[in-house]
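By convention in this document, chain letters (A, B, ...) are assigned in the order of the sequence lines, proteins followed by strands, and residues within each chain are numbered from 1. This one's a predicted model, so the numbers in the text were calculated from it and none came from an experiment. All heavy atoms count here, side chains included; hydrogens, waters and symmetry mates do not.
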Number of protein chains: 2
Amino acid sequence: MSSRSSADNAREIPEATVARLPVYLRALTGLTESGVATCSSEELAAAAGVNSAKLRKDLSYLGSYGTRGVGYDVEYLTYQIAREIGVTHDWPVVIVGIGNLGHALANYSGFRSRGFRVVALLDADPSRAGEEVAGIAVQSFDRLEEIVTEHGVAIGVIATPAPAAQDVADRMVAAGISSILNFAPRVLAVPPGVDVRKVDLSIELQILAYHEQRKAAIEQPAQLEPEHAEQTEHAEQCVPAVDGALAQEVLS
Amino acid sequence: MSSRSSADNAREIPEATVARLPVYLRALTGLTESGVATCSSEELAAAAGVNSAKLRKDLSYLGSYGTRGVGYDVEYLTYQIAREIGVTHDWPVVIVGIGNLGHALANYSGFRSRGFRVVALLDADPSRAGEEVAGIAVQSFDRLEEIVTEHGVAIGVIATPAPAAQDVADRMVAAGISSILNFAPRVLAVPPGVDVRKVDLSIELQILAYHEQRKAAIEQPAQLEPEHAEQTEHAEQCVPAVDGALAQEVLS
DNA sequence: TGGTGTGAAAATGTTCACAGCA
DNA sequence: TGCTGTGAACATTTTCACACCA
């Protein structure tokens with residue numbers, strides 16, 4: 001925090017903003033495909049599903065890339081956000097655990113198109129080695145270290161059953177991986193400096209269930225007094241949302 | 001907001017807390033399986049990957065289910081949280097789009113065990129009808145309305161390619177579904193009263209890439225001054241996280 | 001004139017620290 | 001005595017509203 005860098009780099013971007021930048025990137029890609037060359041904050045916000053004030057505030061953390069009275073140049077803004085996120089070049093990624101979900105992830109075309117390249121699919125089950133998924137050979141998990149070293153892998157994806165997740169994470173960290181996307185429904189303990197994000201389908205569903213239950217309680221006044229049913233207007237776009245973790249036997 | 005209900009229900013639970021309740025539920029399940037009957041906020045917090053102050057604050061929104069000087073009864077607290085979320089009984093769910101991801105979701109055992117029951121798998125491709133995935137027959141998407149009505153489905157999962165997502169959502173809403181979990185990388189427009197949550201793998205990865213890039217910038221002082229590398233200590237458990245959406249061609 | 005960029009206000013979320021109860 | 005439950009302080013995020021400039 002002491003010496004502010006000389007370049008116009010090193011701004012402090014709020015975490016909430018960082019989480020939305022990829023959404024803006026996707027919206028911009030959509031605009032590009034529609035042949036739109038310029039857009040206002042209002043238009044981009046609509047495409048991204050946020051309000052324009054938030055969008056402008058978010059973009060203001062990156063710099064002043066718009067033109068007052070005009071809007072943003074789609075291509076230019078796309079590049080600036082991609083640069084800020086760090087996806088102007090591809091990140092090599094390894095996926096561990098080639099069960100149902102691992103398969104889906106390996107086939108996920110959004111990887112390549114969004115700045116990531118799957119360099120290896122690993123599975124602890126030796127009988128799977130040699131198999132090929134999405135054109136990539138499945139290898140033994142034992143090869144993790146050499147693959148990480150060889151390709152300079154910094155990001156790992158865990159799609160194993162829950163019981164294996166911590167071991168896989170430990171090996172990943174030891175091998176030099178410092179960012180993990182965890183689909184196993186398990187809290188991972190990792191040393192400082194390692195980032196973990198989790199995706200858990202059942203958590204997302206439970207959050208929906210909570211709100212669903214509340215709606216039902218209002219519509220059919222059970223033991224509650226009627227109240228004004230207007231309260232029903234809950235979310236419309238995308239709930240603020242939080243993390244989660246998929247997998248379990250899915251991934252075996 | 002006017003008339004507070006007579007029962008001890010209808011408390012206003014913060015969204016951030018709601019998003020963590022499923023995590024506590026999972027941690028409690030783990031404790032139960034380990035044969036733990038009672039736990040302190042410290043222990044449960046560790047199992048859930050949060051700090052104990054936050055845990056206690058969260059639980060305080062539900063009521064006073066702990067015992068001072070002792071802690072929480074695991075079984076009792078499990079029930080109270082499950083009741084609050086609304087997963088003491090199963091929620092019928094339909095999954096639309098049986099591609100790679102749809103397959104993985106259909107096979108996801110965490111569904112049944114966490115309060116959800118997949119009552120139908122639907123796909124727009126007529127040639128898939130009759131196929132069976134995870135013991136459930138794949139049916140034509142045209143049957144959506146009758147299935148929703150028959151089973152009283154309130155929650156739908158969209159695992160289709162992006163272009164189809166909005167149409168599917170519209171049909172779901174028209175059929176009476178009011179909560180949607182969207183894996184397609186597309187912003188969905190839905191009427192007020194309908195909740196949408198999204199999961200997007202590429203967004204999660206991009207957030208990791210952003211932090212990864214920053215770590216690299218600090219370790220190898222490119223054009224930045226060295227600074228104290230201690231800053232590297234970023235996240236250790238699970239980043240605050242925000243939504244995302246998977247799928248695309250994966251799901252076709 | 002129209003739309004960006006941004007201070008300031010409001011809302012939401014987290015952490016602290018300790019009163020109070022079993 | 002030990003641990004919960006919670007006000008109050010602090011931090012972050014969102015929203016407002018408007019100065020400012022192409």
Side-chain angles (χ1 to χ4, degrees), chain A residues 1 8 11-21 23-24 28 36-74 76-77 80-81 207 234-243, chain B residues 1 8 11-21 23-24 28 36-74 76-77 80-81 207 234-243:
Chain A
M1 294 303 136
D8 68 337
R11 260 165 302 253
E12 209 46 59
I13 300 184
E15 195 53 38
T17 296
V18 169
R20 280 188 297 266
L21 292 180
V23 178
Y24 300 154
L28 285 165
V36 178
T38 298
C39 66
S40 65
S41 64
E42 204 69 59
E43 292 165 327
L44 180 53
V50 302
N51 74 35
S52 62
K54 191 187 283 182
L55 171 72
R56 287 201 305 278
K57 182 63 117 180
D58 283 341
L59 295 184
S60 77
Y61 292 116
L62 311 194
S64 290
Y65 298 133
T67 307
R68 292 173 195 233
V70 179
Y72 303 92
D73 179 90
V74 173
Y76 181 58
L77 185 57
Q80 292 302 338
I81 294 179
I207 296 170
H234 228 296
E236 60 172 335
Q237 277 289 347
C238 292
V239 194
V242 185
D243 17 32
Chain B
M1 293 300 134
D8 67 338
R11 262 166 299 256
E12 209 44 60
I13 301 184
E15 196 52 40
T17 296
V18 169
R20 280 187 297 264
L21 292 179
V23 178
Y24 301 154
L28 285 166
V36 177
T38 297
C39 67
S40 66
S41 64
E42 203 70 59
E43 292 164 328
L44 181 53
V50 303
N51 74 35
S52 63
K54 191 186 284 184
L55 171 72
R56 287 201 305 279
K57 183 63 116 178
D58 283 341
L59 295 184
S60 77
Y61 292 115
L62 312 194
S64 290
Y65 298 134
T67 307
R68 290 169 198 238
V70 179
Y72 302 91
D73 179 88
V74 172
Y76 182 57
L77 185 58
Q80 292 301 340
I81 295 179
I207 296 170
H234 227 296
E236 60 173 335
Q237 275 289 347
C238 293
V239 194
V242 185
D243 20 28

Next on the checklist: I'd like to know whether B:L59 forms a side chain to side chain contact (heavy atoms under 4.5 Å, CB included) with B:Y72, so could you lay out the CA-CA distance, the side-chain angles of the two residues, the decisive distance to 0.1 Å, and finally the verdict.
Outcome noted: CA-CA 10 Å; B:L59 295 184; B:Y72 302 91; 3.6 Å; yes

Checklist entry - To the nearest Å, how far apart are A:L62 CG and C:dT4 P? => result 15 Å

Checklist entry - What's the CG-P distance between B:L44 and D:dT4, to the nearest Å? => result 10 Å

Item to check | Atom pair distance, as rounded to whole Å: CG in B:L77 and C1' in D:dT4 | outcome: 12 Å

Item to check | DNA chain D: 5'-proximal contact among B:R68 and A:Y61 (nearest heavy atom) | outcome: B:R68

Checklist outcome for this item: Between CG of B:D58 and P of C:dG13 the distance, given in whole Å, is 10 Å

Next on the checklist: Is there a side chain to side chain contact (heavy atoms under 4.5 Å, CB included) between B:T67 and B:D73? Walk through the geometry before answering.
Outcome noted: CA-CA 8 Å; B:T67 307; B:D73 179 88; over 6 Å; no

Item to check | B:L28 and B:L77, any side-chain heavy atoms less than 4.5 Å apart | outcome: yes

Checklist entry - Whole Å only: how far is the CD atom of A:E15 from the C1' atom of D:dT14? => result 16 Å

Next on the checklist: If the cut-off is 4.0 Å, is A:Y72 near the phosphate of C:dG5, judged by side-chain N/O to OP1 or OP2?
Outcome noted: yes

Item to check | Between P of D:dG5 and OH of B:Y65, the distance in whole Å | outcome: 10 Å

Checklist entry - To the nearest angstrom, how far is A:D73 atom CG from C:dG3 atom P? => result 16 Å

Item to check | Pairwise 5' ranking along DNA chain D for B:K57 and B:S40, keeping only the more 5' one | outcome: B:S40

Item to check | Side-chain N or O of A:N51 closer than 4.0 Å to phosphate OP1/OP2 of D:dT14 | outcome: no

Next on the checklist: Any non-hydrogen side-chain atom of A:V50 less than 4.5 Å from a side-chain atom of A:Y24?
Outcome noted: yes

Checklist entry - Quick one: is C:dC16 close enough that its OP1 or OP2 comes under 4.0 Å of any side-chain N or O from B:R56? => result no

Item to check | Distance below 4.0 Å between B:S41 side-chain N/O and D:dT4 OP1 or OP2 | outcome: yes

Checklist entry - Starting at the 5' end of DNA chain C, which residue's closest nucleotide do you reach first, A:S60 or A:G69? => result A:G69

Next on the checklist: So, OP1 or OP2 of C:dG13: does either fall under 4.0 Å of a side-chain N or O from B:K54?
Outcome noted: no

Item to check | Nearest-0.5 Å distance that lies between atom CD1 in B:I13 and atom CG in B:L62 | outcome: 5.0 Å

Next on the checklist: From CD of B:Q80 over to P of D:dG5, roughly how many Å is that when rounded to an integer?
Outcome noted: 12 Å

